[in-house]
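Data block below; observations after.
Predicted model only: the values in this text are computed from it and were never measured.
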There are 2 protein chains.
Amino acid sequence: MPDYDGAVTEATNSGAATFPAKRGRGERSSPTIYDIAKLAGVNPSTVSRALSKPGRVSAKTQKIIEDAAEQLNYQVNPFARALPTGRTQTIGLIVADITNPTFFDIIRGAETTGSARDYTLVLAESAESPETELIAARRMLSTVDGLILASPRMDDDKIRALAADKPVAVINREIEGVPCVVPDVNKGISQAVRSLAANGHQQLAYVAGPPQSWMSRRRWEGVQAACDWYKLAAVRLESSKPTVDGGRQVARDVLASGATAVITYNDLLAIGLMQELQAAGIHVPDQISIVGFDDIFGADFTTPPLTTVRSPLGECGSRAATLLLDMLLGHDGPAGAVRVDTELVVRGSSGRLIA
Amino acid sequence: MPDYDGAVTEATNSGAATFPAKRGRGERSSPTIYDIAKLAGVNPSTVSRALSKPGRVSAKTQKIIEDAAEQLNYQVNPFARALPTGRTQTIGLIVADITNPTFFDIIRGAETTGSARDYTLVLAESAESPETELIAARRMLSTVDGLILASPRMDDDKIRALAADKPVAVINREIEGVPCVVPDVNKGISQAVRSLAANGHQQLAYVAGPPQSWMSRRRWEGVQAACDWYKLAAVRLESSKPTVDGGRQVARDVLASGATAVITYNDLLAIGLMQELQAAGIHVPDQISIVGFDDIFGADFTTPPLTTVRSPLGECGSRAATLLLDMLLGHDGPAGAVRVDTELVVRGSSGRLIA
DNA sequence: ATCAATCTGTCAACCGGTTGCCAACTATTG
DNA sequence: CAATAGTTGGCAACCGGTTGACAGATTGAT
């Protein structure tokens, strides 16, 4: 069979004129309140009031101005507005790793809630580095009205310092003095451990996440407490990184530990671990049960599908955004951390131990 | 076994003081060039020049000013700068659906490239609606230096109109007169069809994506051309939506079509389709081979792992950002669309037909 | 030493809104 | 009808940078 290189493309319109690069400024810039004022026969300040201070001008003038604005297709210049007021209609979101699906839902939750209230989302990534994170946060802080930090890696004090400057909300970590949204892992963990105990498991391993992760420690505490209660032995194993790859690498430690049930810091680790164990001929869940964390996209694609403690990540993002926007409206932040519920989603990767 | 509600939480610092809501303006606002000017004993405009027009002031003054800026921990006020210049150091990205993993990599690519060149990424979602998309684009356009549209759903003309205002780059669609980055699907498709043909398949079905999707049509054309060449019969099936669920729903049509090989518009459809077929007792790939598109996160989690035509999505995002930033620097856009290569990733969901 | 050419810093206007203050106007009341 | 209170719109200053025009200082050439 002759090779076919797929050359069906219509001639890639080469030779066509290139596009104009950049437009000069004055070209036909958008209308300003001065244009409206002229058209409506009033003072610019009146226009400004009509458009931003409802009730400050008479209904009649209001109407005239609105019509004029409509006619000119007016749009406020956000920068001109931001300069004197400091308000930018923008919230910032910093995540540790954009490619980590855990954050996808958080991003979405924040974006959706924000844009519903006419705020735009500005996104930055810290690449899991506390330093990068701090730099990004500082840079953002001057341009946004408020900041959401998802699973921040920097020190509590640094975060408090940021929060002293502008409203800040934190997801997946509790910091005294800063509004936080955290999944309350205890319910989900206790359900998971109970289910494992009921299925005959006695030895459990927890695969930890990054050492800087507050949430990883929190989960370990939860696991320990639940294991105490249900009389399971619990051991903690370290992972190199909280990814599929990290999960693969930790498989040998899991086997060495003798545990028959594993709870991992996140789903990525669980998936990697499961892949590696299966590759080694171990049957999941007959020989080892695996429970992940978060219920990320794709957790149900695996075979068997992953049992996991679901964190309502989208809700976290959305709640954090709401918190922030409310604070911008002058409300006080919540006294303690906002807790959202977690729950166990039982799928195929956990079950009765078949010795 | 008694129920355990996981109440191990340290007392949720209730009763603690609530957080101050919003800070007044004057409180201790950041230093300005006027502060620097005073400290350095020069005119503010000199400070401005020292900080943004390299070479315009003497080395000596430059040093003095830089030291003063350092000492005061000066940061430019982006809004004040944006007002007269119109430049915001910001690029916008609009995606059709934030939860669709296809876009994760695009977002990442754009963010990484942007932030490497000191641009901040502003994100918005169109929720697959041409109208929402246009509104978001319009709103963004006034606040960003350039705009990236990933898989836009609106008309060519609307996009050209936007592009006439500010630099715009498009991903996953070709529009004459607008810089575009598109995966060149032909290579990947021809590899896929060749592989299927070599495995004995003669009847192929293409499961299409959203009707507004330029890329879906493009892929269908590619599939047709390749099937022509390799002498396969190709039929096109419609999906309700380009998601896992949509894939499930299209399963009955796939069966009815009699095709033994399926190429879907994207991986999500492929995954859903595979799940539904397997649930119906069909063996993949022995009875039906499935090939997806994009190689999204999680495509290799399935059993069997998904064979797919990989689009370098991250690269698309990154390339589009580069294009945009170059245009902002005054370069012309590319003459034709920028093509990036696709390639077949053979995994377990495709193979020899076992009749 | 003289004069032109080049550097360097200052002045002031401007970007496009917002807002405190005030005056004019309207409505209410005695 | 006058006095008072409440509205409404205008003036002008301001937010924090940028930039064209210009003058004084330097430099170099003649």
Side-chain angles (χ1 to χ4, degrees), chain A residues 23-66 68-69 72-90 141-143 145 166, chain B residues 23-66 68-69 72-90 139 141-143 145:
Chain A
R23 279 139 267 281
R25 191 131 78 73
E27 197 176 288
R28 195 181 56 80
S29 70
S30 40
T32 71
I33 55 169
Y34 295 88
D35 299 324
I36 299 181
K38 216 184 305 168
L39 184 61
V42 297
N43 189 284
S45 60
T46 307
V47 176
S48 170
R49 291 201 175 96
L51 265 28
S52 52
K53 293 259 178 357
R56 182 52 172 65
V57 302
S58 69
K60 195 164 120 270
T61 335
Q62 178 87 27
K63 178 87 172 60
I64 297 177
I65 290 174
E66 275 171 2
L72 292 175
N73 201 271
Y74 171 77
Q75 290 203 139
V76 288
N77 178 327
F79 304 107
R81 173 172 283 174
L83 193 45
T85 61
R87 279 175 293 103
T88 65
Q89 292 290 313
T90 292
L141 210 59
S142 61
T143 72
D145 288 346
K166 288 232 177 114
Chain B
R23 278 137 268 278
R25 190 134 77 73
E27 197 176 288
R28 196 181 56 82
S29 68
S30 38
T32 70
I33 54 168
Y34 295 88
D35 300 325
I36 298 181
K38 215 184 308 165
L39 184 61
V42 297
N43 190 282
S45 59
T46 305
V47 176
S48 170
R49 293 211 169 88
L51 264 29
S52 52
K53 293 262 183 346
R56 181 53 173 69
V57 301
S58 68
K60 197 165 118 265
T61 334
Q62 179 85 27
K63 178 86 172 61
I64 296 176
I65 291 175
E66 275 170 3
L72 293 174
N73 201 272
Y74 171 77
Q75 290 203 141
V76 287
N77 178 328
F79 305 108
R81 172 173 284 175
L83 193 45
T85 61
R87 280 176 293 103
T88 66
Q89 292 290 313
T90 290
R139 204 168 54 157
L141 210 59
S142 61
T143 72
D145 289 345

- [ ] Looking at every strand, decide which applies to B:Tyr34 at a 4.0 Å heavy-atom threshold: base, sugar-phosphate, or nothing.
- [x] base

TODO: Give A:Ser48 one of three labels, base, sugar-phosphate or nothing, depending on what nucleic acid heavy atoms sit under 4.0 Å from its own.
DONE: base

Is there side-chain contact between [X] and [Y], with heavy atoms separated by less than 4.5 Å?
{"X": "B:Leu72", "Y": "B:Ile36", "result": "yes"}
{"X": "B:Ile65", "Y": "B:Thr46", "result": "yes"}
{"X": "B:Ile64", "Y": "B:Val42", "result": "no"}

- [ ] Before giving the answer on side-chain contact (heavy atoms from CB on, under 4.5 Å), spell out for A:Leu51 and A:Tyr74 the whole-Å C-alpha distance, their side-chain angles and the decisive distance to 0.1 Å.
- [x] CA-CA 11 Å; A:Leu51 265 28; A:Tyr74 171 77; 3.7 Å; yes

Within the pair [X] and [N], is there a side-chain N or O less than 4.0 Å away from OP1 or OP2?
{"X": "B:Ser58", "N": "C:dT8", "value": "no"}
{"X": "B:Tyr74", "N": "D:dG17", "value": "yes"}
{"X": "A:Lys53", "N": "C:dT18", "value": "no"}

Open item on the list: With nearest nucleotide decided by heavy atoms, which residue, B:Ser52 or A:Ser45, maps closer to the 5′ end of DNA chain D?
Closed with: A:Ser45

[X] [atom1] to [N] [atom2], straight-line distance once rounded to whole Å:
{"X": "B:Ile65", "N": "D:dG17", "atom1": "CD1", "atom2": "C1'", "value": "14 Å"}
{"X": "A:Gln62", "N": "D:dT8", "atom1": "CD", "atom2": "C1'", "value": "12 Å"}
{"X": "B:Arg87", "N": "C:dC15", "atom1": "CZ", "atom2": "C1'", "value": "13 Å"}
{"X": "B:Ile36", "N": "C:dT10", "atom1": "CD1", "atom2": "C1'", "value": "17 Å"}
{"X": "A:Ile33", "N": "D:dC14", "atom1": "CD1", "atom2": "P", "value": "18 Å"}
{"X": "B:Arg56", "N": "C:dT10", "atom1": "CZ", "atom2": "P", "value": "11 Å"}
{"X": "A:Phe79", "N": "C:dG17", "atom1": "CZ", "atom2": "C1'", "value": "13 Å"}
{"X": "A:Asn43", "N": "C:dC22", "atom1": "CG", "atom2": "P", "value": "17 Å"}

Open item on the list: From the set D:dG16, C:dT10, C:dT18, return the single nucleotide nearest to any side-chain atom of B:Val42.
Closed with: C:dT10

- [ ] From the options C:dT10, D:dT19, D:dG16, select the nucleotide whose nearest atom is closest to the side chain of B:Pro84.
- [x] D:dG16

Open item on the list: Under 3.5 Å, is there any donor-acceptor pair linking the side chain of A:Arg49 to the base of D:dG10?
Closed with: yes

Open item on the list: Let's test your reading of the model: under 3.5 Å, does the base of C:dC15 pair with the side chain of B:Thr85 as donor and acceptor?
Closed with: no

Open item on the list: Would you say B:Thr88 and B:Asp145 are linked by a side-chain donor-acceptor pair, where the criterion is simply a distance under 3.5 Å?
Closed with: yes

